Amino acid sequence: MAVDLHLHTTASDGTLSPSELVHKAVSLELSALSITDHDSFGGIDEATAVAREHDIELIPGVELSSYYRGQDVHILGYFIDYRDPVLTERLRYLRESRELRARKIVEKLSDRGAEVTWADVEKYAKGEAVGRPHVAQALVDRGVVGNISEAFELYLGRNGPAYVPKYVLDLEDIFDIIHGAGGLASLAHPNHWGADRKVIEKLSDRGLDAVEVWHIDHSEEDTRLYTEIANELGLLLTGGSDCHGARKKHGFVIGTLDIPDEIIEPLRDRAAEIRAEHAAN
Ligand code: AMP
Ligand code: ZN
Ligand code: FE
Ligand code: FE
C-alpha cells in the first residue's frame, strides 16, 4: 500500500481542512499519511479523530524552515509528541513572527501601489501559520495580479519588492527541538536547493535522521540519487507529495507518488530509539 508523508492543511497554507485531507487519503486507499503544516500542529487533533474512524494511520508531523549557506532549507519532523511544551512555545513564537512579517509585507505592497489590506490576507489565513501564499491569494482576489505565480514573480519572491525574510530557527536548534519532542528529522525536498552528498553528510553529522527522497518536484533520477546518498550515509527514507491543494501549481497531488508503506516501520523504530535516548539522559 502507498503512503504520503508531506501534506499541508488550512492550519498553514494548504486549502483542504485536516478532515477533508484525511478523507481524501482514505478514498485513495493510502495506509498512512502525515500532516506536516508549517510551524503548526493545529490540524493534528481533528485529523487524528477522523483517521481513527477510518482505520488509516495519521503520523503527527511538522515542517520547519531554516537558512543554511544562504539557502532556504526545510526540515520535516515526524512521530513527534506534538504537545511537548518546549516545542509548543517555539512554534507559537514562530507563528507570531509570521504574522508580524505578513503585516510588513502588506505595508510594502501598499507603499508600491499594490492595494491589499491585512483583512484581505486574514480571510485566507484562517489557520494558524500565515505565509506568502495567503498574501498571494489576496493579491489575486484584488485583481492586482492574475495568479499566484505572478504574485511571487512580481512582488513576493526572494528578490521581489515586497519580500520580507521570515524569522527562522537555526538548523541545530531544529534538530534538538524535534529530538527533544521524541521525533525524527528529515530533509525536505533536497533538490529545491541542490543539496549534494557532502552537504547532506554535514547535516547528518549534526543530527539529521532521514532524507525526503520522494517529492512532487523530484524526477526519478533525483529519487534514485537521494536514495543512494541516504543509504550510504545510514539515513532513513521519507517521501510525500507536499500537496497544498488548490493554491499550488501541482494541485491535488496527494497520494500520486506511490510511496511504499515499508518506509514507515524504520521511521517508527528510529523515533522510539530517540525517545529512549532522551529518557536515559
Ligand atoms: P513562507 O513560508 O511564507 O515564506 O511561504 C512559503 C510558501 O510559499 C511555500 O509553501 C512555497 O512553496 C510557496 N512558494 C514559494 N515560491 C512560490 C511560487 N513562486 N509560487 C507559488 N508558491 C510559492
Ligand atoms: Zn507550504
Ligand atoms: Fe517545504
Ligand atoms: Fe511543504
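For this chain, numbers begin at 1 and follow the sequence in order. Atoms within a ligand are numbered from 1 in the order they appear, just like the ligands themselves. Everything numeric in this text was worked out from a predicted model, so none of it was measured.
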Which residue supplies the protein heavy atom nearest to atom 2 (O) of ligand 1, what is that atom called, and how far is it?
-> K166 NZ, 2.8 Å
Taking the Fe ion (ligand 4) as the vertex, what is the angle from NE2 of H6 to NE2 of H8, given to 10 degrees?
-> 100°
Nearest non-hydrogen atom to atom 3 (O) of ligand 1 belongs to which of H74, R101, H38?
-> R101
Name of the D242 atom (N/O/S only) found closest to the Fe ion (ligand 4) = OD1
Of all heavy-atom pairs linking S12 and H38, the shortest is OG-N, 3.3 Å
Proximity of H8 to ligand 1 by residue part, where a heavy atom lies under 4.0 Å | neither
With side chains defined as the heavy atoms from C-beta onward, is the minimum distance between M1 and L30 less than 4.5 Å?
-> no
Quick one: look at R98 and ligand 1, take heavy-atom pairs under 4.0 Å, and tell me if it's side chain, backbone, both or neither.
-> side chain
Closest non-hydrogen contact found for D242 with E63 is OD1-OE1, 4.3 Å
Per-residue contact class, K248 against ligand 1 - non-hydrogen pairs under 4.0 Å | side chain
Nearest heavy atom to atom 7 (C) of ligand 1 wins, so pick from P133, A136, G131, P165.
-> P133
Ring centres of Y163 and Y155 under 6.0 Å apart?
-> no
Which residue owns the protein heavy atom closest to atom 22 (N) of ligand 1, what's the atom, and how far is it?
-> F152 CE1, 3.4 Å
Charged N to carboxylate O below 4.0 Å: is that the case for R103 and E99?
-> yes
Among R90, R92, R98, whose side chain to side chain donor-acceptor pair (under 3.5 Å) with D39 holds?
-> R98
Report the name of the N/O/S atom of H74 located nearest to the Fe ion (ligand 3).
-> ND1
Check: L94 and Y167 side chains under 4.5 Å, non-hydrogen atoms = yes
Are any of the heavy atoms in H244 under 4.0 Å away from ligand 1?
-> yes
Can an N, O or S atom be found in H38 less than 2.8 Å away from the Fe ion (ligand 3)?
-> no
Taking both backbone and side chain into account, is any N, O or S atom of H189 nearer than 2.8 Å to the Fe ion (ligand 4)?
-> no
Describe, in one word, how the ring planes of F175 and H179 are oriented to each other, choosing from parallel (under 30°), tilted (30 to 60°) and perpendicular (over 60°).
-> parallel
Per ring-ring contact (aromatic ring centres under 6.0 Å, His included), H8 is matched among H74, H250, H244 by H244
Only one of D196, N191, L235, L237 passes side-chain contact (heavy atoms from CB on, under 4.5 Å) with Y226; say which it is.
-> N191
for atom 6 (C) of ligand 1, nearest protein heavy atom and its distance come out as R132 NH2, 3.9 Å
Does D13 approach ligand 1 within less than 4.0 angstrom via side chain, backbone, both or neither, non-hydrogen atoms only?
-> side chain
Would you say E63 has an N, O or S atom lying under 2.8 Å from the Fe ion (ligand 3)?
-> yes
